[in-house]
Each structure stands twice: as structure tokens, then as C-alpha cells.
Number of protein chains: 2
Amino acid sequence: MSLATDAADKPTLYKRIRADIEKRILTGEWPPGHRIPFEHELVARYGCSRMTVNKALSELAQADLIERRRRAGSFVRRPQHQSAVLKIADIRAEITALGRSYGYELIHRKLRAATASDRERLGVKKAGKVIAIACRHSADNVPFAVEDRLIDLSSVPEAATADFVREPPGSWLLHHVPWTEAEHTISAVVADDRAAEVLDIAIGAPCLVIDRYTWRGPRTITAVRLLYPGDSHRLVARFKGG
Amino acid sequence: MSLATDAADKPTLYKRIRADIEKRILTGEWPPGHRIPFEHELVARYGCSRMTVNKALSELAQADLIERRRRAGSFVRRPQHQSAVLKIADIRAEITALGRSYGYELIHRKLRAATASDRERLGVKKAGKVIAIACRHSADNVPFAVEDRLIDLSSVPEAATADFVREPPGSWLLHHVPWTEAEHTISAVVADDRAAEVLDIAIGAPCLVIDRYTWRGPRTITAVRLLYPGDSHRLVARFKGG
DNA sequence: TTGACTTATATGTCTAGACATATAATCGTG
DNA sequence: CACGATTATATGTCTAGACATATAAGTCAA
């Protein structure tokens with residue numbers, strides 16, 4: 001028999017320290033505001049060097065589980081209910097993850113000079129060209145979401161050469177634009193006649209709306225509105241405690 | 001003069017290394033998949049020890065900006081659009097932050113033995129007592145949200161002694177229960193007659209729903225449903241890039 | 001009491017090494 | 001060519017120190 005004696009091969013020491021402290025916080029044994037043992041105390045308790053406990057504490061601080069204050073010590077932070085991690089999966093991934101077949105359909109694609117309302121929606125001042133796209137995503141041939149998108153061509157000139165007939169613009173952008181930042185706004189509306197027709201639902205049915213605004217550095221990339229039938233779609237946000 | 005040659009007191013070295021790399025990723029100079037210089041190369045470039053560049057790279061890895069692979073190197077990860085930080089503020093804080101006056105009203109509070117549907121909603125198997133609460137939050141005396149909550153008394157026995165007449169249950173729990181985890185589910189519905197009456201909106205108006213399920217370790221704490229008039233409330237989730 | 005000054009101390013950062021370990025790449029062999 | 005064994009190497013973890021620095025706490029004078 002090899003050397004895996006008991007539980008799994010123990011993780012590294014700093015991870016064990018980190019997990020020990022995390023457990024005491026999670027169970028409430030060390031409530032918010034509680035002062036965690038000083039580094040030199042943990043050094044004594046675990047018989048290791050200060051750098052090792054420092055690494056454990058630094059990671060806990062980066063995860064917002066504790067707060068470190070010079071000369072004072074490290075303290076358990078109070079839970080941040082107001083901050084949760086929202087998973088907004090790529091639509092294709094979301095549908096295939098459910099074991100359903102993904103379908104995509106371009107409704108229209110238009111290249112045009114940015115109108116005033118385009119500029120407002122993209123948050124840019126200068127005139128320029130944009131691509132306006134409407135398309136539909138479906139699962140097992142049932143409409144799943146309708147997408148309404150604007151791409152700023154001055155930020156993504158390559159987009160002019162893509163026709164978006166086979167590949168959804170979201171996936172195309174993901175593969176052609178480097179790292180981006182994004183902001184999502186979630187709201188609820190009732191389906192108007194156009195949405196009702198495209199999604200094959202009743203006029204007045206509740207819909208979940210995600211408006212996603214994406215940019216890189218100071219440059220706007222794209223603004224997109226996704227409309228989901230309210231009874232078939234939910235967003236799940238999980239609080240991240242480490 | 002010491003060795004701080006140019007600009008202001010530069011941040012610490014590892015932070016500068018981290019920022020340098022981050023910038024190249026953000027601008028797209030190093031696209032997803034690109035191999036970041038090896039630690040020993042960065043050591044040479046910055047003239048520091050390996051621990052210093054290791055700390056910079058470890059933090060970038062913890063922030064999911066890069067991926068580290070033994071023997072292979074460190075690589076820029078592709079943007080994780082599917083993960084965003086959702087701010088779900090405390091309702092009182094949210095309203096007062098808008099400069100409006102906060103109002104709270106208890107509609108009913110009932111202590112009872114858990115019914116089958118209570119147990120299902122809380123995700124517990126054993127019978128026990130619960131508190132069921134309905135209340136309303138308002139801004140400048142206009143209904144803002146209606147709250148429907150279940151508290152598991154076997155997890156939070158002290159809740160039996162709180163009347164929730166002045167203090168909303170969310171805020172009470174925040175101050176009486178240690179660290180918790182939570183899961184939020186967001187969906188859209190139309191107002192039924194009861195919701196329409198409490199929120200003073202039309203029947204059939206769109207509403208945003210947040211279902212929050214909170215627990216600590218294995219113990220369920222509370223399940224709450226918040227219903228917001230769809231035209232007056234939005235959730236904002238910002239992509240966290242580090 | 002209050003404000004200015006001093007001191008003690010916990011964290012923040014860094015070094016120049018060390019050994020461990022996973023794995024990409026290479027080499028041999030059937 | 002296929003596949004197993006070997007090797008090289010980049011990262012992972014750790015040490016025993018060092019000095020820097022912010023700041024809580026104490027000291028002292030106005």
C-alpha cells in the first residue's frame with residue numbers, strides 16, 4: 001500500500017491553515033468582528049514560518065472573508081449579502097448543459113451609421129458605424145430567448161465581415177475580442193406583440209430581461225438585450241464565501 | 001535620493017508586476033491562450049526574487065485572469081462572461097442611498113409547525129417550527145417591494161422572541177445570525193391580485209422576483225421571496241475582472 | 001480635556017535559497 | 001509506428017531571516 005494513510009493525502013500546510021480558519025468562521029465559532037490569532041501565534045501553533053501563515057491569511061483577505069489591519073490584527077468580516085456571484089452562462093452552453101438541442105436563427109442584421117439612439121445605447125459620443133442584430137435562440141426548437149444587439153464597429157471593425165448567419169454574435173465576439181468588462185442589468189417586462197410573436201408566447205406574459213453592456217478599457221464593444229420568457233428562465237446567483 | 005527614480009512612490013513591486021501583466025491582458029496585447037513569461041524570465045526582467053513574481057502570478061490566478069500549469073507555464077484565460085458580481089443591497093440601504101425615506105410595515109407574522117410545503121421550501125426533512133412573515137417595504141410611502149419569508153426556528157430559535165414590528169426580518173437576521181451562505185434565484189412574473197393590491201400596481205403588471213435561500217453549513221436559516229414592481233426596480237451585476 | 005509626540009507592534013513586502021511534484025518532451029524499445 | 005520509461009523543467013510550497021510602515025496605545029505638556 002502506498003502512503004495515502006488516512007483521509008486523502010493532506011493538502012499543503014497553508015491550505016490547511018486557511019481551511020481551519022475558514023471553518024471556524026463559517027460555523028460561527030468566530031463571529032464577525034472576532035480577532036483572528038496573530039500571525040506569530042499561528043506560527044507557534046502550526047510550527048511553520050511566518051510566510052506560510054501569511055499566505056493563508058492573504059488569501060482569506062482576498063476572498064473578503066477577513067479584514068487585515070496593521071498593528072491591530074486580522075478580523076472576521078460580516079457576511080456580504082449584497083454581493084453574490086451571478087452565473088450568466090453562454091446561451092448555447094446553458095441549453096446544451098440541459099441536454100437539449102440548441103438552435104440559432106438570425107432575424108436581421110443591418111450595418112448602418114450610428115443613430116442618436118444607438119450612440120446613447122452604446123454610451124459613445126462620436127458618430128460611427130454600428131451593426132444592429134436581432135436573433136433568436138431556441139432549445140429543442142422551442143424559442144428560448146430573443147436577442148437584440150448593437151456592435152460598435154469602431155471598436156470591433158472585424159465584425160463587419162461576419163455575417164452571423166451560423167454563429168451567434170455573442171459567441172463570435174467571445175472569440176474575436178480580447179478581455180472585456182461587462183455590466184448586466186436585470187429587469188422584468190411583459191411581452192409586447194413583437195416579442196410575443198418571436199418567442200411564441202402570449203402578449204402580456206412576463207419576461208426576464210438582461211441588458212448587457214460590454215467594453216474594453218474605455219472602448220465600448222457591444223450592447224445587448226436578451227429577453228427570456230419568464231416562466232422558463234431563472235438566473236441563479238450564489239453568494240461566494242470563499 | 002533613494003532608488004525611486006521616476007513617478008510617485010510606486011506601489012510595491014509585486015503589485016506593479018501584477019498590474020503590468022493585467023494591463024497587457026486587458027488591452028488584448030496578450031490574448032486568451034497566450035503564454036505569460038516564465039517566472040524566471042520575470043525574475044530577470046524585474047530583478048527580483050522568484051517569490052515576488054510568484055505572488056503577483058498567484059493573485060492573477062486567484063482572480064481567474066490567468067491559468068497556471070505545471071511544467072507548461074502560465075496562460076491568459078478567456079474572459080468568463082458567465083460570472084458576474086451581483087449587488088443585492090439591503091432594501092433599506094438601497095432606498096436611503098437613493099435619498100428616499102424608507103418605510104416598513106409588517107403584514108403578518110405567524111409561528112407554526114412546519115407544513116409539508118414549508119419543509120419543501122426550506123429544504124429540510126424533519127418537522128419543526130417556523131415563522132412565516134409577510135411584510136412590505138416602501139420608499140417615500142410608495143410600495144417598493146413585498147417580502148414573503150419563512151424562518152426555520154430550529155436553526156434560529158431566538159427568532160421566536162422577535163416580533164418584527166419595527167425591524168425588518170432581513171436586517172434582524174443579519175445581526176443575529178453568523179456567517180451564512182445564500183443562493184438567489186431571479187425570475188419574472190406578473191402581479192396576481194394579492195401582489196397587485198399590496199404593491200398598488202395593476203394586476204398583470206410585470207414583477208421581478210428574487211428568491212433567496214440562506215443557510216449556514218448544513219442548516220437552513222431562511223427562505224425569502226421578494227417581489228418588486230418591474231418598472232421601478234433593476235438589478236445590476238458587474239463583471240469582476242480582478 | 002485635548003492635542004502633539006513617542007513607542008511598540010502587527011502586518012506588508014522582500015530575499016536567496018531549498019526540495020517536491022506534475023507533466024511536456026525526449027528517448028528507446030518492441 | 002506505438003508505447004513505456006526517462007528526463008528536464010516550470011510551478012508549488014516552504015524557510016529563516018530582513019526592513020518598511022501604518023497605527024493603536026501610551027506619554028506628556030498646554
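In what follows, every chain begins at residue 1, and chains take the letters A, B, ... in the order their sequences are listed.
- By the 4.5 Å heavy-atom criterion applied to side chains, A/Val224 and A/Tyr213 are not counted as neighbours.
- Here the P atom of nucleotide C/dT6 and the CZ atom of A/Arg71 are 17 Å apart, to the nearest Å.
- Neither side chain, B/Asn54 nor B/Tyr14, offers a donor N or O lying under 3.5 Å from an acceptor on the other.
- Rounded to whole Å, the distance from CD1 on A/Ile17 to C1' on D/dT13 is 12 Å.
- OP1 or OP2 of D/dG12 has at least one side-chain nitrogen or oxygen of B/Arg68 nearer than 4.0 Å.
- The side chain of B/Lys15 contributes an N or O atom lying less than 4.0 Å from OP1 or OP2 of C/dT13.
- Looking at heavy atoms from C-beta onward, A/Leu235 lies in side-chain contact with A/Leu208 at the 4.5 angstrom threshold.
- Look at B/Thr12 and you'll find a side-chain N or O under 4.0 angstrom from OP1 or OP2 of C/dT13.
- The distance between atom CZ of A/Arg50 and atom C1' of D/dA16, rounded to the nearest whole Å, is 12 Å.
- Atom CZ in B/Arg35 sits roughly 10 Å away from atom C1' in D/dA10 (whole-Å rounding).
- Summarising the geometry, the separation between CE on B/Met51 and P on D/dG17 is reported as 16 Å, rounded to the nearest angstrom.
- Taking side-chain N and O atoms only, A/Ser49 has no distance below 4.0 Å to OP1 or OP2 of D/dG17.
- Each of A/Gly47 and A/Ala72 was matched to the nucleotide of DNA chain D holding its nearest heavy atom; the match closer to the 5' end belongs to A/Gly47.
- Across D/dT11, D/dT23, C/dC14, the shortest atom-to-atom separation from the side chain of B/Glu39 is found for D/dT11.
- Of the possible donor and acceptor atoms, none in the side chain of B/Ser171 sits under 3.5 Å from a partner among the backbone N and O of B/Glu167.
- Straight-line distance from the CD atom of A/Glu41 to the C1' atom of C/dA10: 11 Å, rounded to whole Å.
- Between B/Ser74 and the phosphate of D/dT11, there is a side-chain N or O to OP1/OP2 separation shorter than 4.0 Å.
- Checking B/Thr220 against B/Asp152 by side-chain atom types alone, no donor-acceptor pair falls below 3.5 Å.
- Seen from the ring of B/Phe75, B/Arg69 counts as a face-on cation partner, given the 6.0 Å and 45° thresholds.
- As rounded to whole Å, 11 Å separates atom P of D/dG12 from atom CD of B/Glu67.
- For the pair A/Arg70 CZ and D/dA20 C1', the interatomic distance rounds to 7 Å; values are reported in whole Å.
- Side-chain contact between B/Arg35 and B/Trp30 is absent, with no heavy atoms from C-beta onward closer than 4.5 Å.
- At a non-hydrogen distance threshold of 4.0 Å, B/Thr52, B/Lys55 from residues 52-62 of chain B come into contact with DNA chain C.
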